[in-house]
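First the structure, in the form of structure tokens, and then the observations on it.
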Protein chains: 2
Amino acid sequence: MKKLINRVEDVVKEELEGVVAAHSDLVRVHFAPNYVVRADAPVSGKTAIISGGGSGHEPMHGGFVGMGMLDGACPGEVFTSPTPDQILEATKAVSGGAGVLHIVKNYTGDILNFEMAADLAKADGIEVEAVVINDDVAVQDSLYTAGRRGVGATVLAEKVCGAAAEAHRSLKDVAELCRRVNANGRSMGMALTSCTVPAAGKPTFELGEQEMEIGIGIHGEPGRERRALASADEIVEALTKPIVEDLPFKRGDSVLAFVNSMGGTPLIELYIVYRALARYLDGVGVKIDRRLIGPYITSLEMAGCSITLLRLDDEMTKLWDAPVNTPGLRWGV
Amino acid sequence: MKKLINRVEDVVKEELEGVVAAHSDLVRVHFAPNYVVRADAPVSGKTAIISGGGSGHEPMHGGFVGMGMLDGACPGEVFTSPTPDQILEATKAVSGGAGVLHIVKNYTGDILNFEMAADLAKADGIEVEAVVINDDVAVQDSLYTAGRRGVGATVLAEKVCGAAAEAHRSLKDVAELCRRVNANGRSMGMALTSCTVPAAGKPTFELGEQEMEIGIGIHGEPGRERRALASADEIVEALTKPIVEDLPFKRGDSVLAFVNSMGGTPLIELYIVYRALARYLDGVGVKIDRRLIGPYITSLEMAGCSITLLRLDDEMTKLWDAPVNTPGLRWGV
């Protein structure tokens with residue numbers, strides 16, 4: 001295992017120490033239990049938004065804490081759900097009296113622990129709504145999931161809902177918007193290589209030199225099929241066709257196109273993927289109105305990419321364009 | 001070779017097609033010869049700035065074209081210098097009558113071709129100044145270099161000088177500032193793995209499962225030494241001590257700390273590196289006033305990192321903070 005780390009037990013703690021050393025103007029970090037909150041939390045009278053899940057997907061979620069996006073994030077150990085007490089503490093730390101939205105990716109452990117934390121927070125008098133993201137069209141049930149996995153649409157939901165919460169929209173409104181983003185977002189990913197969980201010390205799965213996995217999950221869960229390596233254009237079609245057909249995205253739709261690196265794939269390749277995606281969508285009459293290209297929801301150092309399409313309406317577009325100031329996403333500030 | 005590409009001959013062309021498909025609001029791309037210019041080029045009466053070099057280091061340089069940074073970039077083939085005619089055409093395309101600054105990384109081919117292009121541009125009546133960046137403390141002469149290599153300080157010089165040019169400072173002023181950034185910037189990198197140049201189809205060099213290369217160049221050129229894999233803290237010390245001693249950075253200095261991914265190293269590890277760097281600098285009394293963390297000057301999919309320190313003064317800090325709007329760096333707009 002080749003990684004820039006110290007002891008494997010300290011990976012998450014030291015990463016968070018790095019985040020707060022770098023970004024104390026934007027965020028505060030609490031340790032044991034671990035959570036990240038925006039530097040000015042709690043913001044009185046504002047709907048607060050929390051997300052969380054296993055670590056290993058950076059910048060998601062801790063890197064998305066700050067003005068215009070998340071109020072807090074609960075990073076679990078690598079690829080491990082955060083605990084209920086961790087989520088509860090974070091919920092309390094960001095609560096500004098207007099309720100707290102939990103954005104939860106659809107993994108069984110995450111769902112259970114966020115539900116437990118929500119119940120405890122409600123018992124403490126904090127209003128909580130939860131929205132589950134399940135945008136991955138690759139497989140119906142998965143290794144850690146009943147139903148579809150939550151992947152790239154989570155990043156987009158956090159940005160769009162964060163902007164709405166920043167405008168002091170109500171918890172009910174922001175939760176409704178989050179459901180709308182999820183309902184209009186679809187994703188699929190692929191891997192050229194496995195990743196290695198530090199505590200495991202060896203690759204999560206094996207892929208031959210001429211193989212790739214289509215429909216991979218962000219923890220290396222099996223996808224739709226393992227097949228021979230293909231060209232970028234063919235890979236993009238294999239990911240995009242099922243996405244487009246699933247919603248379905250229709251001729252005349254405007255979308256946000258999100259081309260994501262799984263961690264080990266560099267930008268030069270992502271732009272070749274984006275080129276193929278733009279051509280494919282042009283061919284089916286879907287218009288790209290906004291885009292996000294880079295490593296935003298990663299699987300450690302896995303090589304590969306994912307594609308997320310979000311059907312936009314005017315409101316979502318405006319919220320996407322709104323200023324944001326987080327370690328991982330920043331514009332207009 | 002596992003990459004998200006189509007034909008190896010088309011990598012650079014298709015990457016540029018992806019860039020312009022994604023960012024036509026920010027940049028225009030000219031093909032054959034290939035160059036990227038800001039969408040509003042030429043900006044009349046403004047000092048223009050061009051950089052360039054081999055492709056494979058994305059987002060550098062094409063991703064840094066836009067308001068507040070570069071006016072143009074000349075991407076060569078992967079790890080190959082741009083040609084004189086390519087640089088000349090780009091110089092003409094951005095010239096707004098106030099002269100053009102060439103920011104050149106110190107590689108023999110780049111130097112020769114930028115010089116030739118500058119001579120031709122001058123013959124056409126365009127005032128050109130060139131500044132050579134040579135911030136890499138790892139080795140004195142290298143595979144492609146007489147003297148030190150130009151690496152991470154290039155990104156910082158492009159941002160700082162871009163802000164100065166945006167404020168309509170003169171060519172002479174901006175060139176002087178660029179020399180000051182170079183004089184106050186020092187870098188060193190390391191690799192956990194090699195990268196694979198698409199046209200070569202196999203890794204540039206071999207590293208054992210328990211080995212790393214300290215002082216690596218951004219094209220995989222040999223560094224100071226190949227040694228046994230070590231902890232992130234030890235690696236950071238091995239990179240930072242020579243950087244600090246070289247300038248030297250002194251107790252009380254304020255710096256911009258730039259922790260860069262070579263392409264295949266994900267953010268979770270970069271923050272562990274940043275944590276170690278912050279501790280090391282704290283120990284020698286150097287204060288981090290600004291920072292940049294992410295993949296900004298990459299070597300295809302190489303795993304590893306580099307560290308750049310830039311000693312700041314008030315002027316550089318203000319220019320660093322100024323708004324920038326490019327595909328690869330964006331804030332305050």
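These values consider heavy atoms only, across backbone and side chains, with no hydrogens, waters or symmetry-generated copies. Each chain gets a letter, A, B and so on, in the order the sequences are listed, and its residues count up from 1.
Between chain B and the options A:G263, A:A21, A:A22, the largest number of non-hydrogen pairs under 4.5 Å is found for A:A22. When B:V78, B:I235, B:L300 are compared by the number of non-hydrogen pairs under 4.5 Å with chain A, B:L300 comes out ahead. Chosen from B:V273, B:L192, B:V12, the residue pairing most often with chain A at heavy-atom distances under 4.5 Å is B:L192.
Closest non-hydrogen pair, A:G304 versus B:L4, comes out as C-CD1, 4.2 Å.
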Are there any donor-acceptor pairs closer than 3.5 angstrom between chain A and chain B, and if so, which ones?
{"residue": "A:K2", "atom": "NZ", "partner": "B:L192", "partner atom": "O", "Å": "2.6"}
{"residue": "A:K2", "atom": "NZ", "partner": "B:G208", "partner atom": "O", "Å": "2.8"}
{"residue": "A:K2", "atom": "NZ", "partner": "B:E211", "partner atom": "O", "Å": "2.8"}
{"residue": "A:L4", "atom": "N", "partner": "B:E269", "partner atom": "OE1", "Å": "2.7"}
{"residue": "A:I5", "atom": "O", "partner": "B:A232", "partner atom": "N", "Å": "2.9"}
{"residue": "A:N6", "atom": "OD1", "partner": "B:S231", "partner atom": "OG", "Å": "3.4"}
{"residue": "A:N6", "atom": "OD1", "partner": "B:A232", "partner atom": "N", "Å": "3.2"}
{"residue": "A:N6", "atom": "OD1", "partner": "B:D233", "partner atom": "N", "Å": "2.9"}
{"residue": "A:N6", "atom": "ND2", "partner": "B:D233", "partner atom": "OD1", "Å": "2.9"}
{"residue": "A:E17", "atom": "OE1", "partner": "B:R275", "partner atom": "NE", "Å": "2.5"}
{"residue": "A:E17", "atom": "OE1", "partner": "B:R275", "partner atom": "NH2", "Å": "3.4"}
{"residue": "A:A22", "atom": "O", "partner": "B:R291", "partner atom": "NE", "Å": "3.1"}
{"residue": "A:H23", "atom": "NE2", "partner": "B:Y271", "partner atom": "OH", "Å": "2.6"}
{"residue": "A:L192", "atom": "O", "partner": "B:K2", "partner atom": "NZ", "Å": "2.6"}
{"residue": "A:G208", "atom": "O", "partner": "B:K2", "partner atom": "NZ", "Å": "2.7"}
{"residue": "A:E211", "atom": "O", "partner": "B:K2", "partner atom": "NZ", "Å": "2.8"}
{"residue": "A:S231", "atom": "OG", "partner": "B:N6", "partner atom": "OD1", "Å": "3.4"}
{"residue": "A:A232", "atom": "N", "partner": "B:I5", "partner atom": "O", "Å": "2.9"}
{"residue": "A:A232", "atom": "N", "partner": "B:N6", "partner atom": "OD1", "Å": "3.2"}
{"residue": "A:D233", "atom": "N", "partner": "B:N6", "partner atom": "OD1", "Å": "2.9"}
{"residue": "A:D233", "atom": "OD1", "partner": "B:N6", "partner atom": "ND2", "Å": "2.9"}
{"residue": "A:E269", "atom": "OE1", "partner": "B:L4", "partner atom": "N", "Å": "2.7"}
{"residue": "A:Y271", "atom": "OH", "partner": "B:H23", "partner atom": "NE2", "Å": "2.6"}
{"residue": "A:R275", "atom": "NE", "partner": "B:E17", "partner atom": "OE1", "Å": "2.5"}
{"residue": "A:R275", "atom": "NH2", "partner": "B:E17", "partner atom": "OE1", "Å": "3.4"}
{"residue": "A:R291", "atom": "NE", "partner": "B:A22", "partner atom": "O", "Å": "3.1"}
{"residue": "A:G332", "atom": "N", "partner": "B:V333", "partner atom": "O", "Å": "3.1"}
{"residue": "A:V333", "atom": "O", "partner": "B:G332", "partner atom": "N", "Å": "3.1"}

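Contact of B:L277 with chain A is not made at all, since no heavy-atom distance falls under 4.5 Å. Proximity to chain B (any heavy atom under 4.5 Å) is restricted, for A:L229, to the side chain, taken from C-beta onward. Interface residue A:I268: backbone and side-chain heavy atoms are both found under 4.5 Å from chain B. Neither the backbone nor the side chain of A:I288 has a heavy atom closer than 4.5 Å to any heavy atom of chain B. The contact between B:V11 and chain A is made by backbone and side chain atoms together, counting heavy-atom distances below 4.5 Å. Contact annotation for B:M190: only side-chain heavy atoms (C-beta onward) come within less than 4.5 Å of a heavy atom of chain A.
If you take CE on B:M60 and CG on A:L267, they are separated by 12.5 Å, rounding to the nearest 0.5 Å.
Sorted pairs that involve residues 188-200 of chain B and meet salt bridge (charged side-chain N to carboxylate O under 4.0 Å, His left out), not counting sequence neighbours, are lacking altogether.
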